[in-house]
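A note on names: the letters A, B, ... follow the listed sequences, proteins ahead of strands, and every chain is numbered from 1.
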2 protein chains.
Amino acid sequence: MEIKAKVTIHDIAEKLNITASTVSRALNNSPRISETTKKAVLKAAKQMNYQPNNIAAALRNGKSNIIGVIVPTADRAFFASVVRGIEEVANTLDYKVIISQSYDSYEKEVQTIEALFRARVDGIIASIGKNTEDFEHFKKAQQKGMPLVLFDRTTDALEVSQVMIDDYWGAYKIVEHLIEQGCRRIAHFTNPKKVSVFKERLRGYTDALKNNGLPYEEELVVPSNLQLEDGRASMEQLLQLKEVPDAVFSASDFAAMGAMQVLKERSIKIPEQVALAGFSNDPFTSFSDPPLTTVDQLSIPMGKMAAELFFQQLKTDPNKYIPQKTVLKPELVIRKSSLKKEAQLIAATTAQK
Amino acid sequence: MEIKAKVTIHDIAEKLNITASTVSRALNNSPRISETTKKAVLKAAKQMNYQPNNIAAALRNGKSNIIGVIVPTADRAFFASVVRGIEEVANTLDYKVIISQSYDSYEKEVQTIEALFRARVDGIIASIGKNTEDFEHFKKAQQKGMPLVLFDRTTDALEVSQVMIDDYWGAYKIVEHLIEQGCRRIAHFTNPKKVSVFKERLRGYTDALKNNGLPYEEELVVPSNLQLEDGRASMEQLLQLKEVPDAVFSASDFAAMGAMQVLKERSIKIPEQVALAGFSNDPFTSFSDPPLTTVDQLSIPMGKMAAELFFQQLKTDPNKYIPQKTVLKPELVIRKSSLKKEAQLIAATTAQK
DNA sequence: TTTTAAAATGCAAACGATTGCGCAACCTTT
DNA sequence: AAAGGTTGCGCAATCGTTTGCATTTTAAAA
């Protein structure tokens with residue numbers, strides 16, 4: 001078994017005394033070829049250890065069977081899971097996934113998309129970088145007639161298929177949950193950026209308050225970058241208030257975590273004194289103490305759905321295609337950090353003894 | 001700005017009244033082309049919005065500028081970070097990264113590698129699936145003269161470049177740390193599989209005990225699958241012992257986490273009564289209460305190193321190449337779960353008041 | 001002004017698979 | 001037995017770049 005020169009359909013053809021055309025057709029199971037020769041070709045191919053050259057086919061066909069995926073960073077839990085979801089469905093259709101990172105930089109994003117064009121990907125699935133406000137580079141993809149699907153961080157500036165979760169609904173529901181648990185002064189950590197997800201979560205928060213007869217109070221809504229440290233700072237700030245809140249709904253798990261740390265340092269009981277909820281269901285949320293109530297973003301399903309929209313678009317005439325906006329209902333993940341009633345009940349029965 | 005038919009070097013050539021050869025050479029900055037025409041070509045290319053077709057080039061050159069990466073699952077924190085590292089260096093060299101998942105299935109792994117062959121990747125970077133014991137599919141890559149780099153889960157059955165961390169050293173050091181903190185009965189959670197990493201960690205554990213004059217006790221080494229639930233069970237088991245350990249070094253963060261839960265449920269103080277250490281530095285370890293001491297696996301550097309080995313191999317004559325085995329020294333991440341001395345000190349000063 | 005070397009560009013064949021069109025050979029029908 | 005249909009396969013162009021080997025142009029030397 002030495003290394004033999006790469007075998008092509010021509011080699012097979014020669015061996016069988018037929019032409020490459022016939023071999024090609026046989027391999028592609030064309031009805032124009034007799035069963036006998038098909039069998040012969042298949043057999044010879046196996047025997048000679050033939051490996052089709054997708055690149056040659058790609059050149060001829062003008063399609064590469066490759067999807068380009070752009071994410072801010074490949075190792076953030078959410079994005080990693082989406083990529084996983086995309087790969088899972090791509091895999092079943094013999095498509096490959098090229099992954100590239102934009103690092104939330106506009107310039108990188110533009111470069112990256114150009115690189116994907118050069119690589120001749122058949123289309124692109126992307127989550128827009130935080131600092132991107134111009135979308136010409138994505139439009140280019142559309143102009144080329146490539147399928148383009150946006151997920152999570154999308155924009156309405158583009159007529160494009162997109163998948164996201166219903167941030168409003170998730171926020172609304174979780175605030176409602178907090179209220180149901182007896183919380184009456186619910187604070188919210190938000191982000192001032194134009195990014196729509198945070199706006200939506202804020203809207204869900206305010207509407208839930210309103211519809212449940214609770215007042216919206218400016219001082220309870222604190223904006224920040226939503227990282228761990230920001231969460232700490234925001235919590236400190238809230239604790240300065242004359243009237244301390246009895247719950248915090250953070251638009252990010254990290255900030256919620258920061259708040260949790262501060263509360264614990266001050267021996268403020270969670271959830272009895274302050275209930276806590278985050279957003280994203282980052283893997284770490286189940287390991288905190290108490291485990292953090294949060295909203296699951298359905299990352300893997302989102303990836304799958306994005307891929308499905310992609311292939312749907314791939315199959316239909318670019319002129320006929322109508323972009324689809326898919327909104328996934330997120331799932332509430334209720335954990336101890338917000339189960340005030342239960343905690344009180346346990347406290348009561350323990351005290352009774 | 002309508003969609004113009006794709007422009008090729010021939011179009012540029014025609015416009016400039018030269019041939020495609022010249023255009024090609026100009027674009028590739030060949031010394032055989034005069035500066036004047038180079039300028040002209042570049043200008044025309046920009047003007048006509050020329051996009052090079054990598055596929056055609058790949059066909060002609062026999063190389064695609066694509067690396068195939070195989071991981072068990074794309075969304076496990078460790079692998080996601082390695083992929084990130086790989087992509088980072090690939091990106092600087094205008095290489096693209098195709099990612100594919102083996103799901104720890106041998107069959108999938110074989111299929112996946114075949115698919116990568118078809119895609120004509122220039123080489124492969126992979127972490128071997130848990131259940132893989134035959135390596136013919138990887139050998140095929142080598143026979144084709146492709147660069148092949150293995151990371152983390154490697155094998156000595158293949159003469160191949162590999163990157164891993166020094167599990168022995170990491171384990172040794174962390175056990176030493178526990179001893180230094182005053183622990184004398186240190187338990188260990190391990191995994192019975194043939195996978196070398198766990199064997200190495202076990203070896204580091206036993207050697208550290210030995211070299212520090214502590215006895216190795218069978219009953220303190222408990223094997224399991226090292227998931228959260230396994231950690232819980234193992235801890236329960238340890239608590240049944242006549243002499244309960246005063247520390248646990250788990251070969252996985254998840255199992256360590258399970259142990260932490262059990263200890264907390266029983267109000268056993270961490271680290272005062274039982275110190276805890278894990279392995280991997282999974283992101284969640286910094287969010288537990290107390291934060292978990294662990295060993296960082298240098299995932300991003302590992303990815304970068306794997307990519308560097310890859311390119312190194314790509315550059316050198318396959319016959320001359322000598323596989324490199326790179327062993328990264330992991331980093332101890334000391335957190336509260338093991339800082340017994342500090343905890344005792346604080347306890348003491350608090351009591352004094 | 002011719003000769004000669006160097007510099008710049010052109011020609012044409014690859015790379016490997018696909019496919020529209022055409023041409024045999026064979027079968028059916030009348 | 002001639003006309004018309006099928007069936008099975010071959011021819012040759014094509015996808016867009018690259019590159020070895022000319023060939024032309026330019027500049028320098030004689």
In sequence, state the C-alpha distance, the side-chain angles, and the governing distance for A/D104 and A/R76, and then conclude on salt bridge (charged side-chain N to carboxylate O under 4.0 Å, His left out). CA-CA 12 Å; A/D104 271 322; A/R76 271 208 16 215; 5.4 Å; no
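- Looking at residues two or more places apart in sequence or on another chain, you find a side chain to side chain contact (heavy atoms under 4.5 Å, CB included) between B/A141 and B/F117, B/M146.
- Considering only residues two or more places apart in sequence or on other chains, B/N54 meets the side chain to side chain contact (heavy atoms under 4.5 Å, CB included) condition with A/R118, B/K96.
- Of the two residues near DNA chain C, B/R120 and B/R32, the one whose nearest nucleotide lies more 5' is B/R32.
- Taking atom CD1 on A/I33 and atom P on C/dT18, their separation rounds to 13 Å, with Å as the unit.
- Evaluation of the side chain to side chain contact (heavy atoms under 4.5 Å, CB included) rule for B/K43 yields B/Q47 as partners, not counting sequence neighbours.
- Separating the CG atom of B/L59 from the P atom of C/dA17 is a distance of 9 Å, rounded to the nearest angstrom.
- A search for salt bridge (charged side-chain N to carboxylate O under 4.0 Å, His left out) contacts involving A/D75 returns B/R84, not counting sequence neighbours.
- With the end axes of the helix from C/dT1-D/dA30 to C/dT30-D/dA1 each set by five pairs, the angle from one to the other reads 50° at 10° resolution.
- In this structure A/E107 satisfies the salt bridge (charged side-chain N to carboxylate O under 4.0 Å, His left out) test with no other residue, sequence neighbours excluded.
- A/K63 places its NZ atom 10 Å from the P atom of C/dT19, with the value rounded to the nearest Å.
- Comparing B/T36 and A/Q51 by the nucleotide of DNA chain C whose heavy atom lies nearest to each, the residue mapping closer to the 5' end is B/T36.
- For the salt bridge (charged side-chain N to carboxylate O under 4.0 Å, His left out) test, residues two or more places apart in sequence or in another chain that qualify with A/K139 are A/E136.
- Applying the side chain to side chain donor-acceptor pair (under 3.5 Å) rule to B/T92 yields no partners; only residues at least two apart in sequence or on another chain are considered.
- Contacts with DNA chain C (heavy atom under 4.0 Å) in residues 16-30 of chain B: B/N17, B/I18, B/T19, B/S21, B/T22, B/R25, listed by number.
- Residue pairs meeting the salt bridge (Lys or Arg N to Asp or Glu O under 4.0 Å) criterion with at least one partner in residues 299-320 of chain B, sequence neighbours excluded, are B/E88-B/K304.
- Note: CG (A/N61) to C1' (C/dA17) measures 8 Å, nearest angstrom.
- On a pure distance criterion of 3.5 Å, no polar donor-acceptor pair joins the side chain of B/R60 and the base of C/dG16.
- Note: CG (B/N53) to P (C/dC15) measures 18 Å, nearest angstrom.
- A 4.0 Å heavy-atom criterion places the boundary nucleotides of DNA chain D facing chain A at D/dG8 to D/dG16, written 5' to 3'.
- Under the side chain to side chain contact (heavy atoms under 4.5 Å, CB included) criterion, A/N17 pairs with no residue at all, not counting sequence neighbours.
- Crowding of B/E14 atom CD: a count of heavy atoms from other residues, nucleotides or ligands under 6.0 Å not exceeding 12.
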